[in-house]
Protein chains: 2
Amino acid sequence: MRSGGGRDERSEDLQVGRWKPDTSGRLERAAIELYLENGFARTTVPQITERAGVTTRTFFRHFADKRDVLFVGHDELRERVAKTIAAAPPAWSATKAAASGLNIAAAALQSSQDEARDRRSLITATPELRERELIMFAAVAGTISEALIARGVEDRAARAVAEAMVAAFRVAFEYWGEHTERELPQLVDEALDSLKEAFAAVGD
Amino acid sequence: MRSGGGRDERSEDLQVGRWKPDTSGRLERAAIELYLENGFARTTVPQITERAGVTTRTFFRHFADKRDVLFVGHDELRERVAKTIAAAPPAWSATKAAASGLNIAAAALQSSQDEARDRRSLITATPELRERELIMFAAVAGTISEALIARGVEDRAARAVAEAMVAAFRVAFEYWGEHTERELPQLVDEALDSLKEAFAAVGD
DNA sequence: CACTGTGATGACGTTCGGTGTCATCACCAT
DNA sequence: ATGGTGATGACACCGAACGTCATCACAGTG
């Protein structure tokens with residue numbers, strides 16, 4: 001590889017710098033391709049880096065680990081969710097404020113449908129990746145919980161509500177992965193309605 | 001426990017067989033000791049097996065991985081939860097049936113308080129272990145969901161309710177870890193009440 | 001135009017988690 | 001005694017992940 005320490009490159013992939021540009025992007029694409037082709041477990045980092053034209057060490061300079069590739073960008077989305085909840089009218093209930101945040105996330109995923117569903121199928125097929133997904137959702141719940149507490153919701157209640165609403169989101173998200181005709185935001189609403197109905201019966 | 005097919009045991013550690021008895025138990029104890037002493041990440045499997053007096057290979061014959069040590073026995077508890085839900089009166093609501101299952105788990109953990117809290121502190125201190133804990137809870141939610149479906153609850157609603165109730169349990173469980181004076185079953189009830197109140201406001 | 005700093009990468013070595021495989025040997029049943 | 005079984009030791013191996021240093025295009029400076 002390395003296209004020969006090349007200062008003079010006349011051939012097609014004439015690159016400006018010392019290295020081909022967008023290393024991170026090339027790694028991400030190569031990784032996802034290989035995960036889809038051979039499965040996550042049977043894909044090794046050397047395979048990925050070979051396809052991307054870099055060394056193994058470089059992979060770990062861009063991603064914390066093999067799984068990380070599939071979870072880039074979620075942090076920003078989480079921030080948007082937090083901001084949305086913080087910006088919701090103070091009069092709104094905890095569930096309504098949280099729901100507004102989840103709507104942002106649902107809309108974002110809906111708009112990048114194809115890519116999101118690709119990742120989902122990969123993740124659901126691989127226990128190791130499901131683990132990581134659960135962590136991500138836990139982080140989201142944590143963020144929402146904080147946002148609710150900032151709105152004055154009592155601590156434990158905020159945690160419970162945040163976790164429960166994320167749970168609803170997850171159920172909707174999974175269903176969405178298998179039913180391409182449905183739209184995520186509405187599925188989330190339906191899940192929340194289910195919970196409303198079910199929890200009305202708590203305590204008899 | 002095998003208690004040594006013991007014909008003649010005069011001195012305490014006089015072993016009958018070729019190997020010392022209770023390998024699994026010795027490994028588990030050694031591992032937890034070391035995790036507590038040096039932290040999970042800084043403990044290596046060779047360290048564990050050295051203390052337990054076996055080879056590294058043997059460790060992986062008893063546990064799937066380093067984390068597995070802290071999650072043995074949860075499968076049985078999960079089964080008990082499932083059976084409890086299945087055995088609940090058909091007239092009970094989904095939440096009430098599920099709550100009866102969670103109560104079994106809460107009571108079990110409450111009764112082995114000290115050990116449970118030891119594990120909890122280890123798990124909460126280690127991201128890698130939190131991951132695994134999330135998987136366990138996800139499995140519990142899956143089991144409860146199935147049990148509810150078997151009771152006739154509609155599929156998606158069952159999933160949502162199961163996940164939400166496990167979420168409530170988790171919140172209570174965490175709080176319980178920090179408030180030794182409170183009892184887990186009651187904390188779970190309180191969390192469920194929080195959800196009832198909050199979700200009553202869904203949909204305005 | 002030479003000089004220098006910077007940042008991304010290559011190259012190399014190492015630790016450790018985890019698996020496959022085969023030989024060994026107490027125990028048990030016949 | 002004889003052969004089967006099951007748990008373990010011993011050994012080799014792969015791959016993930018990290019530490020470290022050298023390298024070299026590029027930008028900026030004078």
Side-chain angles (χ1 to χ4, degrees), chain A residues 1-10 13-28 30-31 34-35 38-71 126-129 131-132, chain B residues 1-9 13-28 30-31 34-35 38-71 126-129 131-132 135:
Chain A
M1 281 285 121
R2 274 285 23 263
S3 75
R7 35 184 111 263
D8 46 1
E9 302 232 351
R10 346 215 134 112
D13 61 340
L14 175 56
Q15 72 219 47
V16 226
R18 169 142 81 124
W19 304 281
K20 294 195 221 153
D22 193 23
T23 302
S24 220
R26 273 182 301 132
L27 279 169
E28 186 180 335
L34 285 165
Y35 293 167
N38 310 326
F40 177 81
R42 281 188 304 278
T43 302
T44 68
V45 176
Q47 282 170 24
I48 298 168
T49 54
E50 185 192 4
R51 183 169 296 198
V54 294
T55 62
T56 300
R57 192 67 186 87
T58 296
F59 178 89
F60 293 104
R61 289 196 180 98
H62 289 264
F63 304 97
D65 56 58
K66 236 172 88 181
R67 301 173 296 173
D68 205 34
V69 180
L70 295 167
F71 295 92
T126 315
E128 227 175 323
L129 292 172
E131 259 186 71
R132 182 60 153 263
Chain B
M1 267 315 103
R2 284 274 23 260
S3 86
R7 14 188 133 266
D8 47 1
E9 306 233 352
D13 65 348
L14 175 55
Q15 73 220 45
V16 234
R18 171 142 80 122
W19 305 281
K20 295 193 222 152
D22 193 22
T23 302
S24 219
R26 273 182 299 132
L27 279 170
E28 185 179 336
L34 285 164
Y35 293 166
N38 311 325
F40 177 81
R42 281 188 302 277
T43 302
T44 69
V45 176
Q47 281 169 24
I48 298 169
T49 54
E50 186 191 3
R51 183 168 296 198
V54 294
T55 62
T56 300
R57 191 68 185 88
T58 296
F59 179 90
F60 292 104
R61 289 198 180 97
H62 289 264
F63 304 98
D65 56 58
K66 236 172 89 180
R67 302 173 296 175
D68 205 35
V69 181
L70 295 167
F71 296 92
T126 315
E128 227 175 322
L129 293 172
E131 258 186 71
R132 181 61 154 263
I135 295 228

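Each chain gets a letter, A, B and so on, in the order the sequences are listed, and its residues count up from 1. Below, each value reflects all heavy atoms present in this structure, side chains not excepted, and no hydrogens, waters or symmetry copies.
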N/O to N/O distances under 3.5 Å, protein versus nucleotides 13-16 of chain D:
from   : atom 1 : to    : atom 2 : distance (Å)
D:dA16 : OP1    : A:V45 : N      : 3.4
D:dA16 : OP2    : A:V45 : N      : 3.3

Nearest non-hydrogen partners of [X] and [Y], listed with the distance:
X: A:T43; Y: A:L34; result: OG1-O, 3.3 Å
X: B:K66; Y: B:A41; result: NZ-O, 4.0 Å
X: B:L129; Y: B:F71; result: O-CZ, 3.8 Å
X: B:E131; Y: B:E128; result: CB-O, 3.3 Å
X: A:A30; Y: A:I48; result: CB-O, 3.8 Å
X: A:S24; Y: A:H62; result: OG-ND1, 3.2 Å

_From A:T55 atom OG1 to A:R61 atom CZ, the distance as rounded to the nearest 0.5 Å_ =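 Going from the OG1 atom of A:T55 to the CZ atom of A:R61 covers 6.0 Å.
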
_As an exercise, state the distance from OG1 of B:T126 to OH of B:Y35, rounded to the nearest 0.5 Å._
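Between B:T126 OG1 and B:Y35 OH, I get 9.5 Å after rounding to 0.5 Å.
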
*List in chain and number order the residues that pass side chain to side chain donor-acceptor pair (under 3.5 Å) with A:R132, two or more places apart in sequence or in another chain; answer none if no residue qualifies.*
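With sequence neighbours excluded, A:R132 shows a side chain to side chain donor-acceptor pair (under 3.5 Å) to A:D65, A:D68, given in chain and number order.
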
*Got a sec? Which of residues 49-57 of chain B come in under 4.0 Å of DNA chain D, heavy atoms?*
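Here the set is B:G53, B:V54, B:T55, B:R57.
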
How many Å lie between [atom1] on [X] and [atom2] on [N], as a whole number?
X: B:E131; N: C:dG17; atom1: CD; atom2: P; value: 16 Å
X: A:F63; N: C:dT9; atom1: CZ; atom2: P; value: 11 Å
X: A:D68; N: D:dA17; atom1: CG; atom2: C1'; value: 13 Å
X: B:I48; N: C:dG18; atom1: CD1; atom2: P; value: 10 Å
X: A:L27; N: C:dG10; atom1: CG; atom2: C1'; value: 14 Å
X: B:E128; N: D:dA17; atom1: CD; atom2: C1'; value: 12 Å

*So, is A:T23 near the phosphate of C:dA8, with a side-chain N or O under 4.0 Å from OP1 or OP2?*
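A:T23 to C:dA8 OP1/OP2: no side-chain N or O under 4.0 Å.
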
_Any A:H62 side-chain N or O less than 4.0 Å from OP1/OP2 of C:dT9_ =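 True: A:H62 side-chain N/O within range (under 4.0 Å) of C:dT9 OP1/OP2.
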
*Does a distance-only test, which skips hydrogens and angles, find a donor-acceptor pair under 3.5 Å between the side chain of A:R61 and the base of C:dG7?*
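Check fails, no donor-acceptor contact within cut-off.
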
